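These notes concern the structure reproduced below.
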Amino acid sequence: MPFFLLLCVCGNTYSQTFSLPVSQESQKVKFQLINNLIILPIEVNGTELSFILDSGVHKPILFNLTNQDSIQINNVSEISIRGLGKGEPIKGLSSIDNVFKIGEIVNNSQQLYVVLDKDLNLSPSMGIPIHGIIGYDLFRDFIVDINYSKKIIKFHSPEKYIYKEHKKNSVLPLKIIRNKAYVAANVFLEEKEAPVRLLVDTGSSDAVWLFEDENIGVPSKNYQDFLGKGLGGEIFGRRTKINGISIGGFSLKDAKAAFPDMETFNSIKKLGNRNGSVGGEILKRFNIVFDYSNKRMILRKNGNYNKPFHYNFSGIELQHNGVRYVSEHLSNTNGFVVKDNKTYGNVQILLENTTRLSLVPEIVVSAIRAGSPAEAAGLQQGDVILAVNGEPVHKYKIQEIMKMLNEKEGKRIKVLIERYNNDVLFSFVLKNMLK
């Protein structure tokens with residue numbers, strides 16, 4: 001599920017910085033790339049949490065603290081938070097003087113916000129616990145070198161970083177406005193080319209968002225779709241593709257695009273001359289150096305560059321919904337026990353050495369797009385997914401299941417679901433809504 005954030009907070013902000021030990025020039029950190037989003041392990045006041053690296057956000061935000069997450073936050077006051085979406089402002093907390101650690105990187109006086117909304121929870125759709133987002137403070141204090149292909153980030157001390165010229169690099173100027181980075185690009189629509197200024201948004205899993213105006217029109221082939229979720233609620237718009245996008249001398253053809261309903265942006269008082277945003281599905285095609293101190297971004301294409309853009313051909317959205325037991329037979333047709341060290345859950349019960357019960361995540365349909373093949377076949381929100389094309393889903397991560405459901409246009413998909421304690425098999429053919 002895409003996630004987009006705008007944070008407007010009433011109150012003071014505090015100055016604090018991240019730093020490396022004096023003798024250290026950089027810090028290497030491994031990350032997970034899920035739904036085109038960078039997931040970083042960060043220790044907050046002694047507790048390790050998972051954060052999305054989001055260049056579109058100012059201060060760190062925690063939004064999914066459960067009873068199992070034991071974390072102390074310091075010097076707390078109430079605030080009001082407004083985000084993308086049509087909803088009303090929500091209540092939150094501001095906290096100062098918190099200790100953040102990323103490897104040897106430390107900030108001993110970090111401000112953070114806590115969102116007090118139990119409905120804002122990315123963990124079910126991401127498949128792993130996600131506790132918050134962090135952005136500008138890291139981009140401000142370091143040269144941030146993101147290797148999307150190796151899933152490694154290097155945070156360089158700006159004073160010690162030396163840029164090495166390379167013929168495959170493209171250096172783009174960045175505009176840093178209100179703690180956010182913007183880059184110039186060109187988009188190719190049905191009949192014309194349009195120059196655009198785009199927010200660089202590592203916290204968006206989408207490819208490119210565009211704002212409709214007199215120069216940028218929605219292509220004729222499009223469909224209404226759920227685009228993501230912000231602090232202010234769900235975001236809808238028109239899903240489409242454009243003929244191409246050119247950025248830093250690189251051109252991507254038939255790029256996935258979306259035109260959000262502009263009511264979503266009522267909470268933003270000044271859009272300026274921003275025409276949209278570029279997100280993770282395009283950014284992951286490059287290894288990128290963000291150099292805010294010199295107002296530049298350095299791109300080099302990687303192995304993801306020529307991969308096709310991902311579309312949801314089935315119309316199904318999935319999420320985790322608690323856990324369930326699955327039964328697995330360990331004996332073959334001759335009655336011999338088969339040695340199988342692979343398990344699919346954290347809890348296993350062995351019955352008479354021939355059957356294993358495993359506790360695994362339950363995968364449910366969280367949304368169905370109107371007019372999609374899945375809706376036409378009869379699938380419904382709340383259906384529990386048991387198998388896709390004969391493969392039990394408990395063997396796979398949620399992103400792998402989504403890939404199975406959307407493998408290629410024209411493929412027949414068979415989905416076994418549980419509904420009201422009955423198993424039902426549905427079949428449909430994947431369809432490209434933009435043809």
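Source: prediction; values computed, not measured. Reckoned from all heavy atoms, side chains included, excluding hydrogens, waters and symmetry mates.
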Across all chains, not counting sequence neighbours, the side-chain hydrogen bond (donor to acceptor under 3.5 Å, both in side chains) partners of Lys307 are Asn304

| query | Are the side chain of Asn406 and the backbone N or O of Lys403 linked by a donor-acceptor pair below 3.5 Å? | reply | no

**Asked** Under 4.5 Å between any side-chain heavy atoms of Val365 and Gln380, yes or no?
**Response** no

Report task. Verify whether the ring centers belonging to Phe142 and Tyr292 lie closer than 6.0 Å. Result -> no

Please list every donor-acceptor pair under 3.5 Å in which a side-chain atom of residues 421-433 meets a protein atom from a residue at least two apart or in another chain.
{"residue": "Ser427", "atom": "OG", "partner": "Arg412", "partner atom": "NH1", "Å": "2.7"}
{"residue": "Asn432", "atom": "OD1", "partner": "Leu434", "partner atom": "N", "Å": "2.9"}

CG of Asn36 to CD of Gln399, rounded to nearest 0.5 Å, is 10.0 Å

Between the CZ atom in Arg285 and the CG atom in Asn306, the distance rounded to the nearest 0.5 Å is 8.5 Å

Of all heavy-atom pairs linking Phe250 and Lys168, the shortest is CZ-O, 4.0 Å

Exercise. Can the ring centroids of Phe259 and Phe211 be said to lie less than 6.0 angstrom from one another?
Worked result: no

For Ser123 and Ile130 the tightest heavy-atom approach is OG-N, 2.8 Å

- Show the numbers, then the answer: is there a side-chain contact (heavy atoms from CB on, under 4.5 Å) between Val99 and Gln110? CA-CA 6 Å; Val99 179; Gln110 175 66 53; over 6 Å; no

**Asked** Regarding Arg300 and Asn287, is there a side-chain donor-to-acceptor distance under 3.5 Å anywhere?
**Response** no

| message | For Lys397, is there any backbone N or O sitting under 3.5 Å from a side-chain donor or acceptor partner on Glu400? | response | yes

- Task: Give the intermediate values and the outcome of side-chain contact (heavy atoms from CB on, under 4.5 Å) for residues Ile417 and Leu386.
- Result: CA-CA 5 Å; Ile417 64 101; Leu386 302 179; 5.7 Å; no

### Heavy-atom side-chain contact between Val384 and Ile363 under 4.5 Å
no

If you look only at distance, which donor and acceptor atoms sit under 3.5 Å apart when one is on a side chain in residues 367-377 and the other is two or more places apart or in another chain?
{"residue": "Arg369", "atom": "NH1", "partner": "Asn312", "partner atom": "O", "Å": "3.1"}
{"residue": "Arg369", "atom": "NH2", "partner": "Asn312", "partner atom": "O", "Å": "3.3"}
{"residue": "Ser372", "atom": "OG", "partner": "Ser314", "partner atom": "O", "Å": "3.4"}
{"residue": "Ser372", "atom": "OG", "partner": "Arg369", "partner atom": "O", "Å": "2.7"}
{"residue": "Ser372", "atom": "OG", "partner": "Glu375", "partner atom": "N", "Å": "3.3"}
{"residue": "Glu375", "atom": "OE1", "partner": "Gly371", "partner atom": "N", "Å": "2.7"}

How about Phe51 and Ile39: do any of their side-chain heavy atoms sit closer than 4.5 Å?
-> no

Here the gap from Leu283 atom CG to Ser55 atom OG, rounded to the nearest 0.5 Å, amounts to 7.0 Å

When every non-hydrogen atom of Asn215 is compared with those of Lys192, the smallest separation belongs to O-CE, 2.8 Å

Glu281 vs His310 side-chain heavy atoms within contact, under 4.5 Å:
yes

Checklist entry - ring-ring contact (aromatic ring centres under 6.0 Å, His included) between Phe286 and Tyr305: does it pass, once the steps are laid out? => result CA-CA 7 Å; Phe286 303 92; Tyr305 186 78; 5.7 Å; yes

Q.
Is there a side-chain contact between Val289 and Val144 in this structure, where contact means two heavy atoms from C-beta onward sitting under 4.5 Å apart?
A. no

Interatomic distance, OG1@Thr202 vs CG@Leu53, rounded to 0.5 Å, equals 4.5 Å

Q) Salt-bridged, Arg239 to Asp225, with N to O below 4.0 Å? A) yes

What one should report as the nearest heavy-atom pair of Ile134 and Pro60 is CG1-CG, 3.8 Å

### Message
Under a 3.5 Å distance rule, please check whether Glu418 uses its side chain to pair with a backbone N or O of Ile385 as donor and acceptor.
### Response
no

**Report entry** Exercise: do Ser94 and Gln111 side chains pair donor with acceptor under 3.5 Å
**Finding:** yes

Looking only at heavy atoms, the pair that brings Ser220 and Glu190 closest together is OG-OE2, 2.7 Å

So, does His131 use its side chain to make a donor-acceptor pair with the main chain of Ser50 at under 3.5 Å? yes

**OP:** Output yes when a side-chain donor or acceptor of Asp141 lies under 3.5 Å from a complementary backbone atom of Phe18, and no otherwise.
**Re:** yes

Item to complete: Decide whether a cation-pi geometry holds between Lys59 and Tyr136; the criteria are a distance under 6.0 Å from NZ or CZ to the six-membered ring centre and an angle within 45° of the ring axis.
Response: no

I'd like to know if the side chain of Asn243 reaches the main chain of Asp254, judged simply by a donor and an acceptor atom lying under 3.5 Å from each other, with no hydrogens or angles considered. no

By side-chain hydrogen bond (donor to acceptor under 3.5 Å, both in side chains), Lys435 pairs with (sequence neighbours left out) Glu409

Correct closest heavy-atom pair for Leu37 and Ser204 would be CD2-C, 3.7 Å

Sequence neighbours excluded, the answer for side-chain contact (heavy atoms from CB on, under 4.5 Å) partners of Glu407 is Lys411

Exercise for review: Check for a donor-acceptor pair, side chain of Asn275 on one end and backbone N or O of Arg197 on the other, with a separation under 3.5 Å.
Suggested key: yes

side-chain hydrogen bond (donor to acceptor under 3.5 Å, both in side chains) filter on Glu391, not counting sequence neighbours, yields Tyr396

The side-chain contact (heavy atoms from CB on, under 4.5 Å) partner of Leu112 among Val44, Ile96, Leu93, Ile61 is Val44

Can any side-chain N or O of Gln72 pair as donor or acceptor with the backbone N or O of Asn45 at less than 3.5 Å? no

Query - Whether Thr240 side chain and Ala257 backbone form a donor-acceptor pair below 3.5 Å - result: no

*Stepwise, does the side-chain contact (heavy atoms from CB on, under 4.5 Å) test hold for Ile245 with Asn186?*
CA-CA 6 Å; Ile245 179 172; Asn186 283 58; over 6 Å; no

Q) Does the side chain of Asn179 reach to within under 4.5 Å of the side chain of Phe139, using non-hydrogen atoms? A) no

The reported gap from CD1 in Ile146 to CD1 in Ile152 (rounded to nearest 0.5 angstrom) is 12.5 Å

Requested in this report: Start with the C-alpha gap between Phe313 and Ile413, add the side-chain angles, then the distance that decides, and say whether side-chain contact (heavy atoms from CB on, under 4.5 Å) holds.
Outcome: CA-CA 11 Å; Phe313 295 134; Ile413 302 295; over 6 Å; no

* Any side-chain heavy-atom pair from Phe188 and Ile242 closer than 4.5 angstrom? -> no

Is a side-chain donor or acceptor of Lys180 paired with a backbone partner of Val57 at a separation under 3.5 angstrom? no

Distance col, row Phe100:CZ vs Glu43:CD, nearest 0.5 angstrom, shows 11.0 Å

Quick one: are Leu33 and Tyr148 in side-chain contact, heavy atoms under 4.5 Å?
yes

